[in-house]
Amino acid sequence: MPKENELMEKIVSLCKRRGFIFPSSEIYGGYAAIYDYGPYGVELENAVKQEWWKYMVQFRDDIVGLDSSIFMHRKIWEASGHVSGFADPLTECRSCHVRSRVDHLLEDAGIFADEKMSEEEINKLFFASLDKIKCPTCGKRDFTPVKKFNLLVKSNLGNFTDDWSKDPAYLRGETCQGIYVNYKNVLDSSRVQVPFGIAQIGKAFRNEITARQFVFRTREFEQMEMQYFTHPDKEMEAYEWLKDYRWKFYTDYLGLSEKNLKWHKHENLVFYAKEAYDIEYNFPFGFKELEGIHARGDYDLSQHTKYSGKDLSYMDPRTQEKFMPHIVESSAGVGRTVLAILSEAYTEEDVEGEQRIVMKFPKKLAPVKVAIFPLLKNKPDLVKKAHDLYVALRQQFVCEFDDNGNVGKRYRRQDEIGTPYCITVDFDTLENDTVTVRDRDSMKQDRVAIKELEAWLKVHLNESIK
Ligand code: ATP
């Protein structure tokens, strides 16, 4: 397998070459930290979101879904602390003018910077540590003073004045605020009772200072979040359950290998948090956060009660006890999950002296499930039979028809997009209505009767990962 940076380059290049992920606005020279998902990328991304939704909502009778809007009342971001405190420390190299996040520079030097540190404190720590830190781009040690930079993205939505930036509408910096402010609506309109959860998938926006590492850190991204509301005494019980349930999502459910996943415990917690862990994934650039799982106490609902003037406490209909629910949350990024899946799937193999690149996606996430080929392009009988089969199968599975080049080339193309099964219609098919089905991973071929094909594919595509 290729080495770290080389691996990242190979993944980025495959994503572009095969239509998974493109840099945004490329024909205009690109647009930093924004990416577009191409034809196979959108299938992969949709599959990730669908599986998350199934696992978090469909399989549970205590969790319901929500799709709240990107724009919300300004006060929500004041109540949440984002307007005053959602800021990253920034410095600029005086030599090459590249900006860096100071907490990351410190972290790379093995020094921990607390999120809550004031601008003054972080300046002190940073300039006292300069013997261990240099600019990651040019290697010099000449930096501007550290400034805290707010990450919320502003817009003029609904504001028709010239100085709108004094009274901006914010694009949401995280999806969970839409859940907190709808928690009462959900309680009053559905049959849930505490404990219960609300799940949501949606876009979030952050003015990230550094744009690096492909879709790992982007300024527009999607989050998959679930907020679980519990009795205060049951918060940590729910937290332990959620940690275990989320770990199993990646290992048992998606099939990522355990050696590429690890827990990271947050040592310096914000004042309201009881406990916070990240699940980290071993990306080509090392172990980094894939999702956060946090026990948040009653902070969110108390803040929104205070700022909105609406009492968000809960009256338990069974015990008549009134309390402010505590929240445990799971917050994962779609882009980071896609990147973890791409990194895990990327495989180079030597096949009879030739290199084969194959994306060994878990079958349930593969962008195309089945490819159908006529053996030869210039035999109308074969082409028609293969095309009829393709039209029938695409009712059930994402399918692709390909009659370009020789079959070997078509296999290689399907391997690079990770298609689990390739079906070839050949001369025997015209005689006995059977086809060859080639397995992506073993490259073995089976002969299957057309009338049994749909059932065969269903069984093989659904088989458990392990
Ligand atoms: P980081 O420390 O890497 O900036 P974070 O701790 O700020 O991440 P959270 O606010 O906990 O992240 O967001 C929850 C999840 O949303 C993260 O685990 C990640 O998967 C995703 N996420 C956050 N910021 C980004 C981003 N800029 N680009 C892509 N995904 C992101």
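Every number for a ligand or one of its atoms is a count from 1 in the order of the listing. Note that these values count all heavy atoms, side chains included, but never hydrogens, waters or copies made by symmetry.
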J.: Please step through salt bridge (Lys or Arg N to Asp or Glu O under 4.0 Å) for the pair Arg18 and Glu416, ending with a clear verdict.
T.: CA-CA 8 Å; Arg18 290 298 185 199; Glu416 285 206 5; 2.9 Å; yes

J.: Picking from Arg440, Lys360, Arg412, what satisfies salt bridge (Lys or Arg N to Asp or Glu O under 4.0 Å) with Glu349?
T.: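 The single option meeting the salt bridge (Lys or Arg N to Asp or Glu O under 4.0 Å) with Glu349 is Lys360.
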
J.: Is it the case that the ring center of Phe205 lies less than 6.0 angstrom away from the ring center of Phe221?
T.: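 So the answer is no for these two rings.
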
J.: Taking distance alone, with N or O pairs closer than 3.5 Å, would you say Gln223 contacts ligand 1?
T.: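 It does: an N or O of Gln223 is found under 3.5 Å from an N or O of ligand 1.
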
J.: Number the atoms of ligand 1 from 1 as they appear, then name those within less than 4.0 Å of a heavy atom of Glu208, with their elements.
T.: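 Within the 4.0 Å cut-off of Glu208, ligand 1 contributes 24 (N), 26 (C), 27 (N).
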
J.: Could you tell me if any non-hydrogen atom of Arg217 lies under 4.0 Å from any atom of ligand 1?
T.: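 Distance cut 4.0 Å: Arg217 passes for ligand 1.
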
J.: Would you check if Arg336 and Tyr281 make a side-chain contact, meaning some heavy-atom pair closer than 4.5 Å?
T.: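 Side-chain contact under 4.5 Å: no.
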
J.: For atom 14 (C) of ligand 1, what is the closest protein heavy atom, and at what distance to 0.1 Å?
T.: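 Answer, as residue, atom name and distance: Ser331 OG, 2.9 Å.
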
J.: May I ask you to identify the nearest protein heavy atom to atom 28 (N) of ligand 1, giving residue, atom name and distance to one decimal place in Å?
T.: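 Closest protein heavy atom to atom 28 (N) of ligand 1: Thr218 N, 3.0 Å.
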
J.: Among all protein heavy atoms, pick the one closest to atom 18 (O) of ligand 1 and tell me residue, atom and distance.
T.: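 For atom 18 (O) of ligand 1, the nearest protein heavy atom comes out as Glu289 OE2, 2.6 Å.
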
J.: Please identify which atoms of ligand 1 are closer than 4.0 Å to at least one heavy atom of Gly333.
T.: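 Listed by number with element: 19 (C), 20 (O), 21 (C).
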
J.: Between Thr175 and Glu225, does the side chain to side chain donor-acceptor pair (under 3.5 Å) criterion hold? Intermediate values first, please.
T.: CA-CA 7 Å; Thr175 53; Glu225 296 201 299; 2.5 Å; yes

J.: Compute the shortest N/O to N/O distance between Ala332 and ligand 1 and return yes if it is under 3.5 Å, no if not.
T.: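 Looking only at distances, the answer is no, because the N/O contact criterion of under 3.5 Å is not met.
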
J.: May I ask you to list the atoms of ligand 1 that are less than 4.0 angstrom from any heavy atom of Glu291?
T.: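 Answer for ligand 1: 18 (O).
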
J.: Please report which non-hydrogen protein atom sits nearest to atom 29 (C) of ligand 1, along with the residue it belongs to and the distance in Å to one decimal place.
T.: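 Checking every protein heavy atom, the shortest distance to atom 29 (C) of ligand 1 gives Phe216 O, 3.2 Å.
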
J.: Is Asp88 salt-bridged to Lys147, going by a charged N under 4.0 Å from an acidic O?
T.: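 Lys147 and Asp88: not salt-bridged.
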
J.: Taking the side chain as C-beta and beyond, is there a heavy-atom pair between Lys369 and Lys363 under 4.5 Å?
T.: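 Side-chain contact under 4.5 Å: no.
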
J.: Do Gln193 and Pro317 have side chains that get closer than 4.5 Å, going by heavy atoms?
T.: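 Yes; the side chains approach each other to less than 4.5 Å.
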
J.: For atom 9 (P) of ligand 1, which candidate among Glu329, Arg101, His104, Arg206 holds the nearest heavy atom?
T.: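 It is Arg206 that holds the nearest heavy atom.
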
J.: Do any nitrogen or oxygen atoms of Leu290 come within less than 3.5 Å of a nitrogen or oxygen of ligand 1?
T.: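 Yes.
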
J.: Do the non-hydrogen side-chain atoms of Trp247 and Trp263 ever get within less than 4.5 Å of each other?
T.: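 With C-beta onward as the side chain, the pair touches.
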
J.: Nearest to atom 30 (N) of ligand 1 by heavy atom, Phe221, Phe205, Phe86: which?
T.: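 Looking at heavy atoms only, the winner is Phe221.
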
